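For reference, the structure is listed below as structure tokens.
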Amino acid sequence: MRIVFMGTPDFAVASLDALVKAGFDIVGVITAPDKPAGRGQKIQESAVKRYAKEHHLYILQPEKLKAPEFLKELKALAADLQVVVAFRMLPEAVWNMPKLGTINLHASLLPQYRGAAPINWAILNGEKESGVTTFFLKHEIDTGDILFSEKVAITNDMTAGQLHDELMMVGAKLLTETVTAIKEGNYQEKPQDDFDIAVLKHAPKIFKEDCKIIWNQPVQKVYNHIRGLSPYPAAFTYLQDKTFKIFSAQIENAVVHIQPGAYLTDGKTYLKFAALDGFITVKEIQLEGKKRMQIEEFLRGVKV
């Protein structure tokens, strides 16, 4: 079975690696074009491209997925199946090309949390479990028939970064099992239309304004906000008129006698902000223009 793999970030590398190690015939890897990144704006290759180069896999990096020259090259690969992990939205001319179709690995328990940021939103909303799902692509994003899924527990202090890493590994295993099942013809498709649309939660792209901490809320909601955006794009507030990103914190349920958003500190070991019904004790932060650091190190250098 000839497979074309499509993906870009680290999350996709684990799946590609699992397929390679399982002995599947990866005849092509489609990934994002190289682009400048960081302060020096140096040209960066995607994580998937770096892996593909190391393993001598054939690589395509189209600017436009509808470009005739790309479609011609893709067709020439004669894939039986296409596998998509953390890539971009595909036009029908691409996803409908292989005879066995195109499958996608999504980092949620579909149909819940369709969209660009399912890992973040699961924690932002205080979910106790998440998971991964494999499904066949069709026209509407993340709506194709489900193949397999696997649940993952979300612990009380888990961050989006930690959930990402766990789903990455569970997803790689599930994807390999899914491709094996398709190769053997041993699978059943479950339409997402069978689910109640009224109870669905969505996972839209997160913008900077979504990251600002609203302190006038229950402390658990604020804590979920910090966990759900850590380490990226990171929840932030303002301190001494500068942006103050919080990467990790602890929750303290208590009667609060100061205004939400106000803070208490001894100037040495702790800094905590008030929410409606408790405090957020900051553990790891980054002040605008400074490096990321533990709170004790920060307080040694900055007078609050």
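This chain uses plain numbering: 1 for the first residue, then up along the sequence. Since the model is a prediction, treat every value here as computed from it, not as a measurement.
Listed by chain and residue number, nothing satisfies the salt bridge (Lys or Arg N to Asp or Glu O under 4.0 Å) test with Lys75 (two or more places apart in sequence, or in another chain). In this structure, the side chain to side chain contact (heavy atoms under 4.5 Å, CB included) partners of Leu60, at least two apart in sequence or on a different chain, are Ile30, Tyr58, Pro62, Phe70, Glu73, Leu77. Not counting sequence neighbours, the partners of Lys151 by the salt bridge (Lys or Arg N to Asp or Glu O under 4.0 Å) test are Glu129.
By the 4.0 Å N-to-carboxylate-O rule, Lys49 lies close enough to Asp34 to be salt-bridged with it. Salt bridge present: Glu127 and Lys201 bring a charged side-chain N and a carboxylate O closer than 4.0 Å. No salt bridge links Arg2 with Asp80; every basic N to acidic carboxylate O contact stays at or beyond 4.0 Å.
Pro218 approaches Ala275 most closely through the heavy-atom pair C-CB, 4.5 Å. Smallest separation of non-hydrogen atoms from Asn120 and Gly228: ND2-O, 2.8 Å.
Using modelled atom types, one finds a donor on one side chain and an acceptor on the other under 3.5 Å when comparing Thr178 with Thr134. Defined by atom type and a distance below 3.5 Å, a donor-acceptor pair is present between the side-chain atoms of Gln192 and Arg114. Side chains of Tyr113 and Asn125: a donor-acceptor N/O pair is present below 3.5 angstrom, by distance only. Using modelled atom types, one finds no donor on one side chain facing an acceptor on the other under 3.5 Å when comparing Glu296 with Tyr270.
The aromatic rings of Phe236 and Tyr238 lie perpendicular to each other, with more than 60° between the two planes, well past the 30° mark.
The number of heavy atoms from other shown groups lying within 6.0 Å of CD (Glu150) does not exceed 12. Heavy atoms from other residues, nucleotides or ligands lying under 6.0 Å from CD of Glu189 number more than 12. Residue-environment remark: NZ (Lys138) exceeds the threshold of 12 foreign heavy atoms within 6.0 Å. Residue Lys245 places its NZ atom among 12 or fewer non-hydrogen atoms of other residues, nucleotides or ligands, all under 6.0 Å distant. When the shell of 6.0 Å around CD of Gln259 is examined, it contains 12 or fewer heavy atoms from other residues, nucleotides or ligands. When the shell of 6.0 Å around CD of Glu63 is examined, it contains 12 or fewer heavy atoms from other residues, nucleotides or ligands.
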Tell me which donor-acceptor pairs under 3.5 Å the side chains of residues 164-174 have, and how far apart each pair is, sequence neighbours excluded?
unit_1 : atom_1 : unit_2 : atom_2 : d
Lys173 : NZ     : Glu177 : OE2    : 2.6

What donor-acceptor contacts under 3.5 angstrom involve side-chain atoms of residues 287-294, with partners at least two apart or in another chain?
unit_1 : atom_1 : unit_2 : atom_2 : d
Glu288 : OE1    : Thr243 : N      : 3.0
Glu288 : OE1    : Thr243 : OG1    : 3.4
Lys291 : NZ     : Glu297 : OE2    : 3.2
Arg292 : NE     : Glu284 : OE2    : 2.8
Arg292 : NH2    : Glu284 : OE1    : 3.4
Arg292 : NH2    : Glu284 : OE2    : 3.4

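With Trp215 as the partner, the ring-ring contact (aromatic ring centres under 6.0 Å, His included) test is satisfied by one option alone out of Tyr223, Phe279, Phe273: Phe273.
Atom OG1 in Thr31 sits 13.5 Å away from atom OH in Tyr51 (nearest 0.5 Å).
Using a 4.5 Å heavy-atom cutoff, the side chains of Leu299 and Thr269 are not in contact.
Applying the salt bridge (charged side-chain N to carboxylate O under 4.0 Å, His left out) test to every pair with at least one member in residues 203-220, sequence neighbours left out, gives no pairs at all.
Here the side chain of Gln217 pairs a donor or acceptor atom with the backbone of Ile214 at under 3.5 angstrom.
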